[in-house]
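Working notes, structure below.
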2 protein chains.
Amino acid sequence: MTIRLLLVDDHAVVRSGLKMLLSGQKDMEIVGEAASAAEALSETERVQPTVVLMDIGLPDQTGIEATRAIKIKFPDVKIVALTIHEDEEYFFQMLNAGASGYVPKRAAPEELITAIKAAAIGEVYLYPSLAKFLVRDFLSTEQPAGEKVNLDGLTEREHEVLTHLAEGASNVEIASSLVISPKTVERHRENIMRKLNLHSRSDLVRYAIRKGIIKA
Amino acid sequence: MTIRLLLVDDHAVVRSGLKMLLSGQKDMEIVGEAASAAEALSETERVQPTVVLMDIGLPDQTGIEATRAIKIKFPDVKIVALTIHEDEEYFFQMLNAGASGYVPKRAAPEELITAIKAAAIGEVYLYPSLAKFLVRDFLSTEQPAGEKVNLDGLTEREHEVLTHLAEGASNVEIASSLVISPKTVERHRENIMRKLNLHSRSDLVRYAIRKGIIKA
DNA sequence: TTTCTTTTGGGGAGTACACCCCATCCGTGC
DNA sequence: GCACGGATGGGGTGTACTCCCCAAAAGAAA
C-alpha cells in the first residue's frame, strides 16, 4: 500500500527538493502540496493523504495550528513536522497538536523517510535531539547543572574531598584516589562537616546536589 | 572521538553479530563484553565505556536492574537498550532506570548505530514503535508524566522508609517516626538496598533525588 | 619574624551502619 | 487449607563512620 503524501511548506524550493527526494520511494506518492495553513487544510480535505509533511513557519498560521485543525477534522491523517526549529517549546506544542513525528530539516533523508513510514503505520518517529526532551519530561526530574561557584568557605582540597564524599565514596576510596592517608580524608571530612554544620554523609550528598557540585 | 562500547548480552552469538556489525564503524570501538548483570557492572567500572548496549533478559538480573545499578554508580555512562521486548512496560522501566535509547533487536542496523551515536552525545533515540507509547503518556498525563507508582519494585512501607533514609534520618529516628523498632527499619533498609542494588546511604540519597522522591 | 591557614597524619572512644542469621503475625491467592 | 509475600522484631559480627585528642611542614599574611 502506497503512502499518500501532502507537502506543506511555504517555500517552493523546499517542496521541490522533497519531491525529488521522496519520488525515489516506491511506496510513497506525493498527492498534493500546500504553501499555507489554509491551503493545507483544504488540500487535506481534497486529496485525503495518509501523511502530511508539515512545516512550522507558515505565512498565515503556524504549522502547529494547522496540525491541530487537520487533526480535528481528520483524526486519521498522520502529520510529521519537518522544520528548522529544534527547541523544546515547538516540539511539545506539535505533539500536543497531534503530530506523529518530528524531524528537523537538517536530518538525514533516510530519517525523514523512516519518520513518514512510522507515521503511516500509526507509530511515532522522534528525532534524537528532541526525544531527549520528551524523556526528560517523562522522568520529570529537573536538575539543570548549577553554577560551580565555590563560596561555601571550603578550601580547594576540602571541596575536592567533598565531591568524592558526595559521590558515595568511602574514606579509604577517597584516600587512594587522592593519594593521601584515610586519616587525612577523615580530617578534611570533619572540617567540611563543621564548616557546613552537617553531620552525616547523607547530608553531604544533598548539600552537594543542591549546590550543583555533583549531579544526582 | 571514538565511542567506547560495552556489549551486554548473555548470548555469545548475539555479541559476535554485534561486533561484526559495529566493527565497520570507524568512530566506534568495542572495549568490553558482559554476559550478566554483575559482569556488566564490573566491566563498566573497568573499561569506562561511553555507551553500554544492554540486553534485558540476563541470567542473574534484568537489564533494567543492571541499568539502574550502572547509572547510579556511573551517571555519565549512556545506556542503550537492545532487546526483543517491545512492550510498554519494559520500555518505561528502562527509561526510568536511566536508558538513553531503546532499540528492538528486529530494528535495522542503521537504527542501532543512530541510537548509539545519539546516546553518545547525550541525546535519546527511541524506536518509533516505542516512541508512540511515550507520546501517548505525555498527552494523557500532560504534565506529571512518569513517577507515579513504585516502578522500582519497592513496597509501600519500603518506599516510606526510603524517604526518611534519603532525608538523612538515622535508623533510630526513622523508627521513632514510624513507631516501629529500629531493627525493623534496618530490615526494610536491607530489603531496599538489595532490591535497588545500592550499598550505602549516600547511594540511597542520590537515588531518591533522581527519582524525585525527595528534593535536594 | 611571628602568626595564621592549609594540608598532612596518628590515636582512640563510642556509635552507626551493612549484612548475615533467626522468628512471628497477617492478609492474598491458589 | 496452605503457600507466599509483606511487616514486624531479635541477635550477632565486622566494618565504617563521627568526633575528640594530638602534631608538623609549607606557605601566606601580619
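The residue among B:Leu178 and A:Leu165 whose nearest nucleotide of DNA chain D lies closer to the 5′ end is B:Leu178.
For C:dA16, the OP1/OP2 oxygens have no side-chain nitrogen or oxygen of B:Arg201 closer than 4.0 Å. Contact check, A:Arg189 against D:dT18: a side-chain N or O comes under 4.0 Å of OP1 or OP2. Between A:Ser200 and D:dC17, a side-chain N or O to OP1/OP2 separation shorter than 4.0 Å is absent. The phosphate of C:dT5 (OP1 or OP2) has no side-chain N or O of A:Thr155 nearer than 4.0 angstrom. Contact annotation: A:Arg194 does not reach the phosphate of D:dC19 (side-chain N/O to OP1 or OP2, under 4.0 Å). The phosphate of C:dT7 (OP1 or OP2) has no side-chain N or O of A:Arg187 nearer than 4.0 angstrom.
For A:Arg157, whose side chain is taken as the heavy atoms from C-beta onward, the closest listed nucleotide among C:dT8, D:dA7, C:dG10 is C:dT8.
Between the C1' atom of D:dA23 and the CG atom of A:Asn191 lies a distance of 15 Å, rounded to the nearest Å. Going from atom CD of A:Glu160 over to atom P of C:dT6 covers 15 Å, rounded to whole Å. Spacing between atom CD1 of B:Ile174 and atom P of C:dA18 amounts to 10 Å, rounded to whole angstrom units. The interatomic distance linking A:His199 (NE2) with D:dC20 (P) rounds to 8 Å, in whole Å. Note: CD (B:Glu190) to C1' (D:dA7) measures 14 Å, nearest angstrom. Put simply, CD on A:Glu156 is 12 Å from C1' on C:dT6, counting in whole angstrom units. With rounding to whole Å, A:Lys183 atom NZ is found 13 Å from D:dC21 atom P. The CE-C1' distance, from A:Met193 to C:dA16, rounds to 12 Å in whole Å.
Here A:Thr184 lies in heavy-atom contact (under 4.0 Å) with a base. Among the protein residues, A:His188 comes within range of the nucleic acid bases, having at least one heavy atom under 4.0 Å from a base atom. At the heavy-atom level, A:Asn171 lies under 4.0 Å from the strands shown only through sugar-phosphate atoms.
Taking only distance into account, the side chain of B:Glu186 never meets the base of C:dC17 through a donor-acceptor pair shorter than 3.5 Å.
Side-chain contact check for A:Ile113 versus A:Gln25: some heavy-atom pair is nearer than 4.5 Å.
The nearest pair of heavy atoms linking A:Ala169 to A:Ile174 is CB-CG1, 3.6 Å. The heavy-atom pair separating B:Ala34 from B:Leu6 by the smallest distance is N-CD1, 4.4 Å.
For the atom pair B:Leu165 CG and B:Arg201 CZ, the distance stands at 5.0 Å (nearest 0.5 Å).
The aromatic ring centres of B:Tyr102 and B:Tyr127 sit 6.0 Å or more apart.
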